Amino acid sequence: MQAQLNRILEDAKARISQADSREATEEIRISLLGKKGELTQILRGMGKLSPEERKETGQIANKVRSEIEGLLKDKSEELKTLEKEAKFRSEKIDVTEPGRPAVLGVKHPLTITMEEISRVFMNMGFSIVEGPEVETVFNNFDALNADPNHPARDMTDTFYITDDVLLRTQTSPVQVRTLMSQKPPIKVISPGRCFRCDTPDATHSPMFHQVEGLVVDEGITMADLKGTLDSFAKQLFGTSTKTKFRPHHFPFTEPSAEVDVSCFKCGGKGCKVCKGSGWIEILGCGMVHPNVLKVGGLDTEKYTGFAFGMGVERVAMLKYGVEDIRLFYENDMRFINQFK
Ligand code: DAH
């Protein structure tokens, strides 16, 4: 029996030294010291021995047992340390590794243009208001003094959602909303998206952007309109820019005008950008029609105002020399990245 104990010990030493995981040492422990373990069986069988033999063998067996337990404990601790080190190694963060650059987007040229236009007006004391792209027919046409037979109301010109609701064809309905919600002095601009039933080509798109403007107060005159828009043109296109006001017609302004700026490319001599005329048309404007002021419940003997509206795409195409409006909507990064 003693020989058997010695063999178990030698065996255990060999197995423990080869164990390569804590699970393996646990298996060894169970196979030797567990309920059905080899050593446990021997200790159980000791009852058959004589008292002397039992004492001697018992001592040896206990020594073997505690030696095996010690070896298992040491091995398990050694493996625990190794496992921890391996874990540290696999989870290590190399702080010296160069970072991955985050890809930063760029502003869309139309956003840049709208922000530039807005900045100029904000510097002149205008605040920004917004209106919805889905509008009522009333706000888009009736309240703006467009009579029921106005050609712009035609199904072939305007996207109707119902008989009374449409995709706004201009930002001018924001004038109506502002007049109904604010009291003078009013001094606002409103950049936004508009929609018209146009077939896309180099200069037309069924979706485009405008910036609307509205000033209403006591004693506002055509001189305020001309001074404000002349100053705007000089700030946007350069201080040597000249402006020209040509009579025009809009239902919601009286008198109405279109504004041309001297060509910022050739200075007025005539070139490809201004099609040889030296002038470039940039916006429509006028003194707010009394019928529009009445929508806001204003006393038209006391209050007057001016309004204007410009196409953002047109300004951006002129400023950046973009020859096809469709380039703005294709989202080709080779195009957009040029405006970094
Ligand atoms: N809404 C007009 C258009 O889309 C532009 C316009 C002209 C706006 C004159 C105005 C204005 O506020 O006074 O063609």
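As the structure is a prediction and not an experimental result, all values here were calculated from the model. Counting starts at 1 for both ligands and their atoms, following the listed order.
The closest donor-acceptor contact from the side chain of D201 to the backbone of H204 lies under 3.5 Å. Put simply, the side chain of Q210 gets close to the backbone of T171: a donor and an acceptor are under 3.5 Å apart.
A distance limit of 4.0 angstrom between heavy atoms and ligand 1 selects the residues Q170, S172, Q175, R196, Q210, E212, F250, F252, T253, G284, C285, G286, A307, F308, G309.
Taking the six-membered ring for Trp and the full ring otherwise, the centers of F232 and F126 sit at least 6.0 Å from each other.
Applying the salt bridge (Lys or Arg N to Asp or Glu O under 4.0 Å) definition to pairs two or more places apart or across chains, those involving residues 63-75 are K13-E67, R65-E69, K75-E78.
In the hydrophobic clustering, M155 connects to V137, F141, Y160, L166, either directly or through intervening members, whenever side-chain heavy atoms lie under 4.5 Å apart.
For E26, the salt bridge (Lys or Arg N to Asp or Glu O under 4.0 Å) test picks out R29, with sequence neighbours left out.
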